[in-house]
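Reviewing the structure listed below.
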2 protein chains.
Amino acid sequence: MPLRHTVYGRAMSNAAAETGSGGSVQSVDRALTVLEILARSGESGVTEIAADLGVHKSTAFRLVATLEQHGLVEQVEGRGKYRLGVGLLRLAGATSARLDVVQEARPLCKQLAAGSGETVNLATLSGGSALYLDQVAGPSALGSHNWVGQHIPLHATSNGKVLLAWLDESVLKEVLGRLPAYTDRTVTARAALRKELQQVQQQGWAAAVDELEVGLAAVAAPVRNAHGDVIASMSISGPTFRLTVARQAEVLPLLLEAAEELSHRLGWGRR
Amino acid sequence: MPLRHTVYGRAMSNAAAETGSGGSVQSVDRALTVLEILARSGESGVTEIAADLGVHKSTAFRLVATLEQHGLVEQVEGRGKYRLGVGLLRLAGATSARLDVVQEARPLCKQLAAGSGETVNLATLSGGSALYLDQVAGPSALGSHNWVGQHIPLHATSNGKVLLAWLDESVLKEVLGRLPAYTDRTVTARAALRKELQQVQQQGWAAAVDELEVGLAAVAAPVRNAHGDVIASMSISGPTFRLTVARQAEVLPLLLEAAEELSHRLGWGRR
DNA sequence: GCCCCACGTTGCACATGACGCAACGGGGCG
DNA sequence: CGCCCCGTTGCGTCATGTGCAACGTGGGGC
């Protein structure tokens, strides 16, 4: 789609780190950028947002005020700062309700979480990283991190490896630009990763222990659509001390069964 | 804040269900309304959105296109229709990262404690029993026990019953291993408990009087997350002589309102 | 304790950018 | 084959979003 927009008169004085994403409707574009800024910073004041956006304070204020009226942004009590609001959760809920994968997966994830006692995640490929679509915390997991909506590196997670393992060679090359290390267990050598991905493809599941975070372990299995493409990955994760290799072997059959059942519900292998 | 824009020439032919929420920045306001429309409908075409919004087709199109560039909206393949995009999940992830049941609940619990005069508790399911997350003592509570951090049997408390009532059958079976009696009012017959849980689910709240301790009464209501899962339970508890059935009926609306408001803050979209 | 700065917030006037219009292309159905 | 309805796009106009300046306030430093 061609950029139809003439350049703006002004010379973009700001450091706004323009994503290059020009919007069709300027004010809306700015407003949405505000959301992204808040997502990144967690909490920002009007002045800060304005500077980041390269617009006048008052402009930023009106954008934020409008967002606030829709509940997408709220101001933290007392202080004048702003942060993302819960309206986003409702919208996101509507989003995932619409994604058949998530909807079909939910009961299975729940059951799997109950059966394994650990946290179950569902992830898909999105823009060069793993996007976590859903998470069901296991009974023994309290206050475990919520990954939903997060973009997670592909080469350091079990879900990521599954998603990579069935990728076309051409796409794979693009995605594997850099392989940063997060712990000293992270696989950073391209050859080693390639080899592991092959193994993952053969055995039908992947594992990652202490590779993204020390103390975090997970196993994952592929989810296929009606065409047989791997469109998502389901994982069981927990603390390394609890999710030992032996325990992994115990929960693996449950995981594989759940992932297969989900694939089945999405039309794989039918007919 | 006064509505500053003049009405459009047109007489709002649509059923746009104007929330009365005027925005400060019109186009942003409209764009966000588009998100809400899509959240409600699941999938809409430009024309439909335009009609719903009371604007021209082309206007709606540009709004949608801008939303699309930020990933908040995507067009379903083939058909020209639009739906909410995964970008929302990313934003929501940033939201829920800082979202904590206890933290969100605190002001509500306080208010409820003040309004009811009794002690308010917040509990969740953890490893086969109820884990008390927070407690706000009411003004008339003298030296009442502090339950925070305690594991309490599920079948003998109002919170426990709420947490059980919405549990999957499979999990429920596991949890209900033994039903020890703590007083002679404790429900120990599995059939009776099952029946009560069904009633709890229907009426949307639970009660327990003298079932865990003689002289201790409580009513509880469910707290839901964005998916509608019951993730916690909020209760009002006090001495049986004060929290009579009549008094319970008085505080129940307050409790239900608080629990619903909390659910709302956690992203539950009512209904 | 005082002052001063910096922040969030609001009224106003201008010109910019968002809007409605009308026309195009294409896909599905009769 | 032709109709109709959809999403999409160039254009001219004016509504509307914007920058400016001023206000109130709260907190930090001197």
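Predicted model, so just to flag it, every value in this text is computed and none were measured.
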Inset, instruction - When you get a sec, tell me which of C:dT10, C:dC21, D:dT18 is the closest nucleotide to the side chain of B:Ser58? - result: C:dC21
Legend entry - Five-pair end axes of the helix from C:dG1-D:dC30 to C:dG30-D:dC1, angle between them (10°): 50°
Legend entry - For B:Ala105, side chain to side chain contact (heavy atoms under 4.5 Å, CB included) partners two or more places apart: B:Cys109, B:Leu122, B:Leu262
Inset, instruction - Answer yes or no: is there an ion pair linking B:Arg40 with B:Glu36, defined by an N-O contact shorter than 4.0 Å? - result: no
Legend entry - ring-ring contact (aromatic ring centres under 6.0 Å, His included) against A:Phe61, all qualifying residues, sequence neighbours excluded: none
Check nucleotides 3-7 of chain D against the protein and report each pair of N or O atoms closer than 3.5 Å, with its distance, or say if there are none.
from	atom 1	to	atom 2	distance (Å)
D:dG7	OP1	B:Val46	N	2.8
D:dG7	OP2	B:Thr47	N	2.9
D:dG7	OP2	B:Thr47	OG1	2.4
D:dG7	O6	B:Lys57	NZ	3.4

Inset, instruction - For A:Leu63 and C:dT9, give me the distance from atom CG to atom C1', rounded to whole Å. - result: 14 Å
Legend entry - Between C1' of D:dG19 and CG of A:Leu53, the distance in whole Å: 14 Å
Legend entry - Residue pair B:Lys81, B:Gln75: steps toward the side chain to side chain contact (heavy atoms under 4.5 Å, CB included) verdict: CA-CA 6 Å; B:Lys81 299 206 164 188; B:Gln75 60 183 322; over 6 Å; no
Inset, instruction - Applying side chain to side chain contact (heavy atoms under 4.5 Å, CB included), name anything that partners A:Glu260, two or more places apart in sequence or on another chain. - result: A:Trp268
Legend entry - Value in whole Å for how far the P atom of C:dG8 lies from CD of A:Glu68: 13 Å
Inset, instruction - Answer yes or no: does a side-chain N or O of A:Thr59 lie under 4.0 Å from OP1 or OP2 of D:dG17? - result: no
Legend entry - Pairs where residues 222-236 of chain B contributes a residue and the test salt bridge (Lys or Arg N to Asp or Glu O under 4.0 Å) is met, not counting sequence neighbours: A:Arg106-B:Asp229, A:Lys110-B:Asp229
Legend entry - Spacing between A:His56 atom NE2 and C:dT9 atom C1', to the nearest angstrom: 12 Å
Inset, instruction - Indicate whether OP1 or OP2 belonging to C:dA18 is found under 4.0 Å from a side-chain N or O atom of A:Gln26. - result: yes
Legend entry - Non-neighbouring partners of A:Leu172 that pass side chain to side chain contact (heavy atoms under 4.5 Å, CB included), sequence neighbours left out: A:Leu164, A:Leu167, A:Glu169, A:Leu176, A:Arg194, A:Leu197
Legend entry - A:Glu43 CD - C:dG8 C1' separation (whole Å): 15 Å
Legend entry - No-H, no-angle donor-acceptor pair, A:Arg62 side chain to D:dG19 base, under 3.5 Å: yes
Inset, instruction - Name the closest nucleotide to the B:Arg30 side chain, picking from C:dG20, D:dT18, C:dC19. - result: C:dC19
Legend entry - Partners meeting side chain to side chain donor-acceptor pair (under 3.5 Å) with B:Ser233 (sequence neighbours left out): B:Asn159
Legend entry - Separation of atom CD1 in B:Ile49 from atom P in D:dT8, rounded to whole Å: 10 Å
Legend entry - Residues forming a side chain to side chain contact (heavy atoms under 4.5 Å, CB included) with A:Thr183, sequence neighbours excluded: A:Arg185, A:Thr186, A:Val214
